[in-house]
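One structure is given below, encoded as structure tokens.
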Number of protein chains: 4
Amino acid sequence: MHDIISIYADSPETDDLTDKQLKIFKSAIELFAKNGYANTSTKEIATNAGVSEGSIFKKFKNKEDLLFSILNPFLRNILPKVVNEFTEETLQTNYDTLTDFVSSILKNRNMFFKENVNALKIFVDEFVYDLKIRDKMIKAIPYQYMKSFNDQVNSFKKRKMIVDWTNSEIFRFIFATLFGYLAEHYFIFESLKWDEDLEMDHTIEFVVKGLQP
Amino acid sequence: MHDIISIYADSPETDDLTDKQLKIFKSAIELFAKNGYANTSTKEIATNAGVSEGSIFKKFKNKEDLLFSILNPFLRNILPKVVNEFTEETLQTNYDTLTDFVSSILKNRNMFFKENVNALKIFVDEFVYDLKIRDKMIKAIPYQYMKSFNDQVNSFKKRKMIVDWTNSEIFRFIFATLFGYLAEHYFIFESLKWDEDLEMDHTIEFVVKGLQP
Amino acid sequence: MHDIISIYADSPETDDLTDKQLKIFKSAIELFAKNGYANTSTKEIATNAGVSEGSIFKKFKNKEDLLFSILNPFLRNILPKVVNEFTEETLQTNYDTLTDFVSSILKNRNMFFKENVNALKIFVDEFVYDLKIRDKMIKAIPYQYMKSFNDQVNSFKKRKMIVDWTNSEIFRFIFATLFGYLAEHYFIFESLKWDEDLEMDHTIEFVVKGLQP
Amino acid sequence: MHDIISIYADSPETDDLTDKQLKIFKSAIELFAKNGYANTSTKEIATNAGVSEGSIFKKFKNKEDLLFSILNPFLRNILPKVVNEFTEETLQTNYDTLTDFVSSILKNRNMFFKENVNALKIFVDEFVYDLKIRDKMIKAIPYQYMKSFNDQVNSFKKRKMIVDWTNSEIFRFIFATLFGYLAEHYFIFESLKWDEDLEMDHTIEFVVKGLQP
DNA sequence: GATGAATGAGTATTCATTCAT
DNA sequence: GATGAATGAATACTCATTCAT
């Protein structure tokens, strides 16, 4: 699973795939990302993968199962990873500055997103598009994973280092800004180059100043 | 065209529609917004509109033509309106404060979005979803409409009232924050109530502080 | 509906059928009877009817709906008709002899079965074959329709004109004998001629003697 | 072949089966009886048998070959056994009474049917359902096996101990009644208990009286 | 102009059968 | 012999589009 997408390393969805099934998996990611789930037929996936249509259904119960095999690792990992990873490392240290906090959320995610653009595209696509799938996704975001985000924010509030708005507003400001950055560079103008470090610095600075009390 | 959606007032797409065709148009907006373009059948549109399926194809060449009749006004107007309207009124006055500038962008758009939620939903859906449609949309955003936004920002930069980042970054920070606000309240958690004035104030404050030099 | 099958005259299932849909209906009866429901594809039905496959699904929700449009008149009428018709006519007269009773059940049904052989074949086929469909059928036989049969039998018991076995046994003896007659002549050796009147007389005599106390 | 089904003892179809193939055979009988031939997939048969799908096709040319391996013993034996077995034992004794004759047909078959319910179900299912299979079955009922039945009946006729109807009518009356008994208890209301001895007595009595001259 | 019956290409999915290991 | 991955033809069903009325 080396050459697909980092998030699928060691995920149960891609564990026991045969060669052909792996081709199907890759083919589906490619086509779902390019044309959307609803606009991609199983026939296309099979042809693009160079296998028979029937082979898809040996491993994947149905088309939706194939979609969720692609999306599940995100449902399980994306928010948790974004929110938690750094706190686990640094729960003791406790962020001294708001900059450190925001920076670790935004900056450290850079690599992650770059490696998973296609799958992320599908994630966003379906989240936006399909009500049924959206609900399934929202329910799949475990509430507990929001806890460490809240803990950190509350700690800053106590120390008067952040504005006294609701945590969900603060959450929104951070992630909308991140989403704008990602959308512009990875989704909308995919081919244009940009100065990553500089823009990321600006993004952090924008958020930090915006959230200062 | 009073009771549909403000953006369609005086647009050529809805000019010469008969009564039945208008019903089709409204029905399509409603269903596309709710279920997505690909998940809405022409039969549903017809039934929901109380007309026969055949009637759809008298006015609209095909299903895609119906979609673009809904989206074209956005392609022509949405960004221009968002960006320009206020400058036309106020180009002479020249905003004294960054708050005024940001506030007029965010606050004044409130009504506009609220009136066009459904059509906007379709716009976002298809923008995110369909490559062909996305390209058509991007090309349809006339560069010249960005001019007045740039003029305003450059003026602030001269007066050292805004950070010295690229205009496209500044544009992104403002609109990503706006998009986050809209997405949360109109797309994701549509049914939850919130304190509009307060959150809008916070949103303006966040952007203004974030963009201060 | 003149030339199909008598039971469908005036039944809601065949009321508003277009010409082509009628062809589909007839085609389905023919093929279901010949090859069985599970062995008949919608494509075959359409081809045999000389229409497009899609036309089937305009009128009939799905293949099972088509099957039950054929079978429902039986579920509604067959047992009731067999059991009731004569009692309604003759409830006052009260059968004087067991022969009259048995005879009216067996004899009067002759015409009915001859006219509906094909549909009846399907009925028997699916009753025997598909558990799900069998359950649906058993539930669809209204219990109340058994009442008049029981009333008659109980009346004979009081007058000591019939054996004192359970009604369900008596029911079984009558209908198994009838079924044997029908099966032999209409299902198994369809093409052989036989002396209807004579065999029917024997059949009645067999049942009557068998049920005498 | 001890624990499968009595009729398969010593039949060539089950002679040289390996362990796994025997499991397949049993599994197929079970599933065909429960769900019907057409509704049972080879995958199900394999899974239920705990072997691989491919193994089925090592012994059995195809699915139909598997079906006929189950049915052939019936085609060869069922009617002959039903009709003949007792006569071989008892041809000399010559039945003194019609009751003895009918009783030996009906009563002695009890055990046989109880032991072979499942395979018999498949037999009836496919007989009713599939024209091709039905023809194959009818041809497989060797006329000569009817001989001993005819001999017995003719003997009764000479002695004026039975009605003077055609032998095929008499045959039908006996077996239709038997079939009704079996159908009710083994096929239709499988789970309900009943008083076997009593109902069997009634059944014999019904047939005997019905056939008395 | 409006209808809705009819079409037929297209969809996801199933399944008996093959065959390389 | 045994396996189960792979096949591809077949299946029920959908849907945008056409056209006679």
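Within every chain, numbering begins at 1; the chains are lettered A, B, ... in the order of the sequence lines, protein sequences first and strands thereafter.
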Worksheet item: Is the shortest heavy-atom distance from the side chain of A:Leu66 to the side chain of A:Thr42 under 4.5 Å?
Response: no

Discussion item. At 4.0 Å (heavy atoms only), tell me whether D:Ser41 reaches a base, stays on the sugar-phosphate, or touches nothing.
Written reply: sugar-phosphate

Fill in: Whichever of A:Phe57 and D:Phe57 has its nearest DNA chain E nucleotide further upstream toward 5'
A:Phe57

Worksheet item: For the pair made of NZ in A:Lys43 and P in F:dT14, what is the distance, rounded to whole Å?
Response: 20 Å

Worksheet item: Is there a donor on the side chain of B:Lys63 or the base of F:dA16 sitting less than 3.5 Å from an acceptor on the other?
Response: no

Discussion item. Can you see if the side chain of B:Ser55 gets near the phosphate of E:dT3 - specifically, an N or O under 4.0 Å from OP1 or OP2?
Written reply: yes

Worksheet, complete the sentence: When rounded to the nearest 0.5 Å, the distance separating NZ of B:Lys20 from OG of B:Ser52 is 7.5 Å

Worksheet item: Reckon B:Ser52 has a side-chain N or O less than 4.0 Å from the OP1 or OP2 of E:dT3?
Response: yes

Discussion item. Less than 4.5 Å apart, side chain to side chain, heavy atoms only: is that true for B:Ile24 and B:Lys59?
Written reply: no

Item to complete: Give every residue pair that meets the salt bridge (Lys or Arg N to Asp or Glu O under 4.0 Å) criterion with at least one member in residues 60-71 of chain A, sequence neighbours excluded.
Response: A:Glu64-A:Lys132, A:Glu64-A:Lys136

Worksheet item: Under 4.0 angstrom, heavy atoms only, what part of the nucleic acid is C:Thr18 near: base, sugar-phosphate, or nothing?
Response: sugar-phosphate

Discussion item. Rounded to whole Å, how long is the line connecting atom CG of A:Asp19 with atom C1' of E:dA20?
Written reply: 14 Å

Worksheet item: CD of C:Glu53 versus C1' of E:dA5: gap in Å, rounded?
Response: 17 Å

Worksheet item: Of C:Gln21 and A:Gly54, whose nearest nucleotide on DNA chain E comes first from the 5' end?
Response: C:Gln21

Fill in: Distance, rounded to the nearest Å, where D:Leu67 contributes CG and E:dT17 contributes P
12 Å

Worksheet item: Any side-chain N or O of A:Lys20 less than 4.0 Å from the OP1 or OP2 oxygen of F:dT7?
Response: yes

Response to the item:
Contacts of D:Thr40 meeting side-chain hydrogen bond (donor to acceptor under 3.5 Å, both in side chains) (sequence neighbours excluded), chain-then-number -> none

Discussion item. In this structure, how many angstroms lie between the C1' atom of E:dT17 and the CD1 atom of D:Ile45, rounded?
Written reply: 13 Å

Discussion item. Are the side chains of C:Ile70 and C:Phe32 in contact, using a 4.5 Å heavy-atom criterion?
Written reply: yes

Worksheet, complete the sentence: note: C:Lys58, atom NZ; F:dT18, atom P; distance rounded to Å ~ 14 Å

Practice prompt. Would you mind reading off the distance between A:Lys59 atom NZ and E:dT13 atom P, rounded to a whole angstrom?
Written response: 16 Å

Worksheet item: E:dC15 phosphate, OP1 or OP2: any side-chain N/O from D:Thr42 under 4.0 angstrom?
Response: no

Response to the item:
Contacts of B:Thr40 and C:Thr40 projected onto DNA chain F by closest heavy atom; the upstream (5') one is C:Thr40

Worksheet item: Could you spell out the base pairing of DNA chain F in dot-bracket, with Watson-Crick or G-U pairs whose two distances are under 3.5 Å, [ ] crossing and | to another strand?
Response: .||||||||||||||||||||

Worksheet entry | Length of the CG-C1' vector between B:Leu66 and F:dA16, whole Å | 12 Å

Discussion item. Here's a test of your reading of the structure: between A:Val51 and C:Glu64, which maps to the more 5' nucleotide of DNA chain F?
Written reply: A:Val51

Worksheet item: With respect to D:Ser27, which candidate in D:Ile56, D:Val51, D:Ile45 satisfies the side chain to side chain contact (heavy atoms under 4.5 Å, CB included) definition?
Response: D:Ile45

Worksheet item: In terms of ring plane angle, is the pair C:Phe25 and C:Phe60 parallel, tilted or perpendicular, where the classes change at 30° and 60°?
Response: parallel

